[in-house]
Amino acid sequence: MTQEHRFIYLASQSPRRRQLLEQLGVRHELLLPNAAGDEAEDAEAIEAVLPGEAPTTYVERVTGLKLDAAVARHARRGLSPAPILCSDTTVALGRTIYGKPEDAHDAVRMLRELAGHEHRVLTAVALQVGPRRLTALSVSRVRFAPMSRAQIEDYVATGEPLGKAGAYAIQGRAAAYVEHLSGSYSGIMGLPMYETARLLRAAGVLAV
């Protein structure tokens, strides 16, 4: 890590993204909303899909909005300067976008539609470095084997699909149904390490 930036802020609650940053050896502090001064932030509104919006456009737009909110949050709190990292992941079957399921019933619906088909996993990354904004996009393809209703319901009953784009976690029990994947495994988890490392090098956070 260079002397220019000894740590970054991570604007994400995802423990998987924290784990992946730790794997890269990047020191980070969380920059999350709190009830004290961030009442105006509306995560649901930020993640709403616009009519006719393409998956790539959606994930890049949402990531940018999340980073905008994090930059404003950083300024309000008067925190020490450091790069701010934000990322968002979505699953797409054709032009249909699959975000986080609303509940177990919605998770079953999503998995029934994805089972037996190949879908895309798109993860956008954005890094704010002072006035500069660096961005990257990772696109991977995952093919699920056919799944019976009982298999889907048993998986959903574990609780793992809740809070996950497309209602599954590639690093969890869903791996038992992945016939094939191409692209970035870490990107499917939520933070593509190659693209993220490239941005961090450009920002002077990673030396190699």
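Count residues from 1 along the sequence.
Taking CD of Glu153 as the start and CG of Leu111 as the end, the distance is 11.0 Å to the nearest 0.5 Å. Here Leu191 contributes atom CG and Met193 contributes atom CE; the two are 7.5 Å apart, rounded to the nearest 0.5 Å.
In this model, a donor atom of one side chain and an acceptor atom of the other lie less than 3.5 Å apart for Ser184 and Ser186. For the residue pair Glu113 / Tyr98, a side-chain donor-acceptor distance below 3.5 Å is found, with atom types taken as modelled.
Atom OH of Tyr194 has 12 or fewer neighbouring heavy atoms from other residues, nucleotides or ligands inside a 6.0 Å radius. Residue Gln13 qualifies as open at atom CD: its count of foreign heavy atoms under 6.0 Å is 12 or below. More than 12 heavy atoms of other residues, nucleotides or ligands sit less than 6.0 Å from atom CZ of Arg109.
Side-chain contact between Leu10 and Glu29 is absent, with no heavy-atom pair separated by less than 4.5 Å. The shortest side-chain heavy-atom distance between Asp88 and Lys66 falls under the 4.5 Å cut-off. Contact of the Arg143 side chain with the Tyr177 side chain is not registered, since no non-hydrogen atoms from C-beta on lie closer than 4.5 Å. Annotation: side chain of Val108 is in contact with side chain of Arg149 (closest heavy-atom distance under 4.5 Å). Within the 4.5 Å cutoff, side-chain heavy atoms of Leu85 are placed close to those of Val125. By the 4.5 Å heavy-atom criterion applied to side chains, Tyr9 and Ser80 are counted as neighbours. A 4.5 Å side-chain heavy-atom check between Ile8 and Ile84 finds every atom pair outside the cut-off.
By the side-chain contact (heavy atoms from CB on, under 4.5 Å) test, Ser148 pairs with Ala150, Gln151, sequence neighbours left out.
A salt bridge does not link Glu160 with Lys164: none of the charged nitrogens is closer than 4.0 Å to a carboxylate oxygen. Taking the charged nitrogens against the carboxylate oxygens, Arg133 and Asp68 do have a contact shorter than 4.0 Å, which makes a salt bridge. A salt bridge between Arg61 and Glu53 is present, with a side-chain N of the basic residue lying under 4.0 Å from a carboxylate O of the acidic one.
A donor-acceptor contact shorter than 3.5 Å links the side chain of Gln128 to the backbone of Gly130. Tyr58 contributes a side-chain N or O that, together with a main-chain N or O of Glu47, makes up a donor-acceptor pair within less than 3.5 Å.
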>> One pair to check against side-chain hydrogen bond (donor to acceptor under 3.5 Å, both in side chains): Ser182 and Arg141. What are the steps and the verdict?
In response: CA-CA 5 Å; Ser182 61; Arg141 294 184 178 274; 5.6 Å; no
Validation: residues 117-124 side-chain donor-acceptor distances under 3.5 Å, sequence neighbours left out:
from, atom 1, to, atom 2, distance (Å)
His119, ND1, Val142, O, 3.4
His119, NE2, Tyr168, OH, 2.7
Arg120, NH2, Gly94, O, 2.9
Thr123, OG1, Thr89, OG1, 2.8
Thr123, OG1, Gly187, O, 2.7

